[in-house]
**Student:** 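Quick one: the structure is below, and I'll ask about it shortly.
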Amino acid sequence: MTRYIDIHHISTLVRIVGVEKLIFQLAQYIRDDFLRWPEFEKSPRTANHSDVGVIELMPVSDANLFAFKYVNGHPQNAMWNKLTVMAFGALAEVATGYPVLLSELTITTALRTAATSAMAAKALARPMSRTMSVIGAGAQSEFQILGFRAILGINEVRVYDIDQAATEKLRRNLEHVPGLRIHRALSARAAVLGADIVTTVTADKTNANILSVDMITPGMHINAVGGDCPGKTELDANILKYARVFVEFEPQTRIEGDIQQMPADFPVTELWQVLSGRKIGRHHMSDVTVFDSVGFALEDYSALRLLNDLSIMHGIGTSLNLVPTPDDPKNLFQFVAPLPNAVHKSYPAEAPTGKSVTLPKPLLIL
């Protein structure tokens with residue numbers, strides 16, 4: 001049987017564990033898996049693009065488990081009261097190919113993105129960073145703020161979005177978080193001024209300059225989350241030239257991240273190398289660091305592992321009869337064979353209208 005986690009299950013699980021605690025645990029799982037980076041079979045995600053969005057598949061595996069995520073990105077969906085991004089995924093045994101877990105990943109992706117962002121900032125931002133600005137108050141914003149609070153102790157956040165209703169939504173959702181101070185900024189420039197950490201998490205599928213180089217101050221860490229497909233960027237290219245840039249999986253980020261603006265030989269460092277101590281993140285307190293995050297399948301692998309562990313621990317989820325279990329593994333036909341004493345119907349069967357189906361006469365080919 002395959003364990004199944006739906007929206008109700010994940011909501012229940014998050015409320016039992018707590019949002020901040022779950023993000024903290026996710027960051028630990030992600031870090032553990034990043035430290036095993038060479039053990040994984042990796043590839044950039046497969047993307048089918050259209051004029052209105054993208055649908056992607058994201059696979060990854062090690063010697064024991066295979067994971068994949070189906071995810072979309074359709075910025076105009078909000079016009080029809082639909083989510084811009086939604087996802088689901090699966091975890092399977094490599095040894096047998098059998099699915100262990102089938103799960104929603106829309107809410108979980110928001111949690112794991114926040115966990116990855118905060119984990120990266122812990123390694124790259126200046127120690128004792130306490131102020132953060134968030135540009136974009138959409139579906140990811142609350143998760144990002146709570147992730148940075150849980151992992152870095154961020155207590156003061158300045159938020160800017162061109163949609164004031166989105167900012168108000170964020171304020172309402174987080175107004176009861178103890179010790180957290182949310183300030184509404186009147187512009188992106190005002191939000192960024194003096195911040196230790198800047199998160200950009202916008203949704204428009206365009207080459208935008210959400211941040212310009214004159215808004216950046218020495219020592220700042222930039223968490224660029226919104227750029228996640230070809231033709232979509234958030235940062236002025238001059239910021240990238242000025243900063244030390246870190247990525248998840250370089251072959252994917254070259255296609256989808258902010259560094260798609262840069263030459264193919266533009267230097268970047270994969271985050272796992274910093275976490276493992278192979279490379280240095282911040283050399284000086286005055287360094288400007290950029291985490292050009294597009295989301296990588298290994299983070300979903302970690303999230304699915306944690307969901308499976310927690311769902312078993314808390315008895316959450318249901319079992320799906322997703323894979324046939326024949327008495328004889330060579331006899332799959334038993335599941336469709338006529339039942340004993342059933343009346344056999346020969347083809348053609350009756351059409352749904354009740355009218356019989358007349359097949360065309362075969363052509364005589366000479």
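All values below come from the heavy atoms of this structure, side chains included, with hydrogens, waters and symmetry mates left out. It should be emphasised that the depicted structure is a prediction, and the values quoted were computed from it without experimental measurement.
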**Student:** Would you mind checking if Glu168 and Arg171 are paired as a salt bridge, meaning a charged N to carboxylate O distance below 4.0 Å?
**Tutor:**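 Looking at Arg171 and Glu168, the cut-off is met.
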**Student:** Please report the closest heavy-atom contact between Asp161 and Thr167, naming both atoms and the distance.
**Tutor:** CB-OG1, 3.5 Å
**Student:** Looking at Ser319 and Arg3, would you say the former's side chain and the latter's main chain have a donor-acceptor pair under 3.5 Å?
**Tutor:** no
**Student:** For the pair Asp196 and Arg130, find out whether any cationic side-chain nitrogen is under 4.0 Å from an anionic carboxylate oxygen.
**Tutor:**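 A salt bridge is absent here (no side-chain N lies under 4.0 Å from a carboxylate O).
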**Student:** For Met285, I'd like to know if atom CE has over 12 heavy atoms of other residues, nucleotides or ligands within 6.0 Å.
**Tutor:**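 Yes.
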**Student:** Is any side-chain heavy atom of Val159 less than 4.5 Å from a side-chain heavy atom of His183?
**Tutor:**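 A side-chain contact is absent here, since even the closest heavy-atom pair is not under 4.5 Å.
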**Student:** On a heavy-atom basis, which atom in Thr109 and which in Asp300 lie closest, and how many Å separate them?
**Tutor:** OG1-OD1, 4.2 Å
**Student:** Provide the closest heavy-atom pair for Thr131 versus Ile154 in the form atom of the first, atom of the second, distance.
**Tutor:** N-CD1, 4.0 Å
**Student:** Under the criterion ring pair (Phe, Tyr, Trp, His ring centres under 6.0 Å), which of Phe40, Tyr301, Phe249, Trp272 is the partner of Phe296?
**Tutor:** Phe249
**Student:** I'd like to know if the side chain of Arg126 reaches the main chain of Ser286, judged simply by a donor and an acceptor atom lying under 3.5 Å from each other, with no hydrogens or angles considered.
**Tutor:** no
**Student:** Please find the pair of heavy atoms, one from Gly136 and one from Val201, that lie closest to each other, and give the distance.
**Tutor:**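 Distance-wise, the nearest heavy atoms are O-CG1, 3.4 Å.
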**Student:** Could you tell me the separation between the NZ atom of Lys122 and the CD1 atom of Ile151, rounded to the nearest 0.5 Å?
**Tutor:**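 CD1 of Ile151 is found 8.5 Å from NZ of Lys122.
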**Student:** Can a donor-acceptor pair be found, under 3.5 Å and without considering hydrogens, that links the side chain of Lys42 to the backbone of Trp37?
**Tutor:** yes
**Student:** Between Asn72 and Ile55, is a side chain to side chain contact (heavy atoms under 4.5 Å, CB included) present by the stated rule, with each step listed?
**Tutor:** CA-CA 4 Å; Asn72 79 307; Ile55 296 175; 4.3 Å; yes
**Student:** Would a distance-only check, ignoring hydrogens and angles, find a side-chain to backbone donor-acceptor pair under 3.5 Å from Glu104 to His8?
**Tutor:** no
**Student:** When you group the ILVMFWY residues by side-chain heavy-atom contacts below 4.5 Å and let the links chain together, are Tyr70 and Leu105 in the same group?
**Tutor:**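 No, no single cluster joins them.
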**Student:** Keeping the roles fixed (side chain from Glu250, backbone from Val268), state whether a donor-acceptor pair exists under 3.5 Å.
**Tutor:** no
**Student:** Looking at side-chain heavy atoms only, is the closest gap between Met86 and Asn77 below 4.5 Å?
**Tutor:** no
**Student:** Could you tell me whether a side-chain N or O of Lys169 sits under 3.5 Å from a main-chain N or O of Gly138, the two making a donor and an acceptor?
**Tutor:**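 Between the backbone of Gly138 and the side chain of Lys169 there is a qualifying donor-acceptor contact (under 3.5 Å).
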**Student:** Val294 vs Arg45, test: side chain to side chain contact (heavy atoms under 4.5 Å, CB included). Steps then yes/no.
**Tutor:** CA-CA 11 Å; Val294 299; Arg45 53 189 159 207; 3.8 Å; yes
**Student:** With a cut-off of 6.0 Å (strictly less than), are more than 12 heavy atoms of other residues, nucleotides or ligands near OH of Tyr98?
**Tutor:**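 Open.
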**Student:** Measure from the side-chain N and O atoms of Arg112 to the backbone N and O of Leu26, and report whether any donor-acceptor pair falls under 3.5 Å.
**Tutor:**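 Checking the backbone N and O of Leu26 against the side chain of Arg112, no donor-acceptor pair under 3.5 Å is found.
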**Student:** Consider only side-chain N and O atoms of His9 and Asp6, and report whether a donor and an acceptor are under 3.5 Å apart.
**Tutor:**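 Indeed, the side chains of His9 and Asp6 share at least one donor-acceptor pair under 3.5 Å.
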**Student:** Tell me whether Val134 is reachable from Phe143 by hopping between hydrophobic residues (I, L, V, M, F, W, Y) whose side-chain heavy atoms are closer than 4.5 Å.
**Tutor:**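 In one cluster: yes.
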**Student:** More than 12 heavy atoms of other residues, nucleotides or ligands under 6.0 Å from CG of Leu320: yes or no?
**Tutor:** yes
**Student:** If you define the side chain from C-beta out and look only at heavy atoms, does anything of Asp236 sit under 4.5 Å from Met215?
**Tutor:**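 No, too far: nothing below the 4.5 Å cut-off.
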**Student:** What is the distance from atom CD1 of Ile145 to atom CD of Gln140, rounded to the nearest 0.5 Å?
**Tutor:** 11.5 Å
**Student:** Working note: Gln260 + Ile255, criterion side chain to side chain contact (heavy atoms under 4.5 Å, CB included); need CA distance, chi angles, decisive distance, verdict.
**Tutor:** CA-CA 6 Å; Gln260 67 185 270; Ile255 299 169; over 6 Å; no
**Student:** Answer yes if Phe88 and Met58 sit in the same cluster of Ile, Leu, Val, Met, Phe, Trp and Tyr residues linked by side chain heavy atoms under 4.5 Å apart, and no otherwise.
**Tutor:** no
**Student:** Checking the side chain of Arg158 only, and the main-chain atoms of Leu193 only, is there a donor and an acceptor separated by less than 3.5 Å?
**Tutor:** yes
**Student:** State whether the number of non-hydrogen atoms from other residues, nucleotides or ligands found under 6.0 Å of Phe24 atom CZ is greater than 12.
**Tutor:** no
**Student:** Strictly by modelled atom types, are Asp287 and Thr289 linked by a side-chain donor-acceptor pair under 3.5 Å?
**Tutor:** no
**Student:** Indicate, with yes or no, if Ile316 and Ile7 share a hydrophobic cluster defined by side-chain heavy-atom contacts under 4.5 Å among Ile, Leu, Val, Met, Phe, Trp and Tyr.
**Tutor:** yes
**Student:** Does one side chain, of Thr253 or Asp292, offer a donor that lies under 3.5 Å from an acceptor on the other?
**Tutor:** no
**Student:** Quick one, Val198 and Ile216 - any side-chain contact, counting heavy atoms below 4.5 Å?
**Tutor:**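 Not in contact.
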**Student:** Looking only at non-hydrogen atoms, find the nearest pair between Ala121 and Phe148 and report the distance.
**Tutor:**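 The pair with the smallest heavy-atom distance is CB-CE2, 3.4 Å.
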**Student:** Assess whether side chain to side chain contact (heavy atoms under 4.5 Å, CB included) is satisfied between Tyr160 and Val192, documenting all intermediate values.
**Tutor:** CA-CA 9 Å; Tyr160 174 72; Val192 168; over 6 Å; no
**Student:** Treating Asp328 as the side-chain partner and Pro326 as the backbone partner, does any N or O pair qualify as donor plus acceptor under 3.5 Å?
**Tutor:** no
**Student:** Report, as yes or no, whether the 6.0 Å neighbourhood of atom CG on Leu186 holds more than 12 heavy atoms from other residues, nucleotides or ligands.
**Tutor:**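 Counting other residues, nucleotides and ligands, CG of Leu186 stays at 12 neighbours or fewer.
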**Student:** Atom NE2 in His283, atom CD1 in Ile280: separation rounded to 0.5 Å?
**Tutor:**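 These two atoms lie 5.0 Å from each other.
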**Student:** Decide yes or no for Val157 and Ile182: does some side-chain heavy atom of the first lie under 4.5 Å from some side-chain heavy atom of the second?
**Tutor:** yes
**Student:** Does any non-hydrogen side-chain atom of Leu91 lie less than 4.5 Å from one of Leu307?
**Tutor:** no
**Student:** Quick check on the hydrophobic clustering: are Ile30 and Phe66 connected, directly or via other members, by side-chain heavy-atom contacts under 4.5 Å?
**Tutor:**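 In one cluster with Ile30: Phe66, no.
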**Student:** Can a donor-acceptor pair be found between the side chains of Ser293 and Glu248 at a distance below 3.5 Å?
**Tutor:** yes
**Student:** Rounded to the nearest 0.5 Å, how far does CD of Glu175 lie from CG of Leu170?
**Tutor:**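 The CD atom of Glu175 is 10.5 Å from CG of Leu170, to the nearest 0.5 Å.
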**Student:** Is there a side-chain contact between Gln273 and Phe246 in this structure, where contact means two heavy atoms from C-beta onward sitting under 4.5 Å apart?
**Tutor:**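 In short, these two side chains do not touch, never coming nearer than 4.5 Å.
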**Student:** Mind checking the CG-CG spacing from Leu235 to Asp258? Nearest 0.5 Å is all I need.
**Tutor:** 4.0 Å
**Student:** Are the side chains of Pro99 and Tyr4 in contact, using a 4.5 Å heavy-atom criterion?
**Tutor:**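 Side chain of Tyr4 against side chain of Pro99, heavy atoms only: no contact under 4.5 Å found.
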**Student:** Of all heavy-atom pairs between Ala224 and Thr200, which one has the smallest distance, and what is that distance?
**Tutor:**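 In terms of heavy atoms, the two residues are closest at CA-OG1, 3.3 Å.
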**Student:** Please round to the nearest 0.5 Å and tell me the distance separating atom OG of Ser117 and atom CG of Leu124.
**Tutor:** 11.0 Å
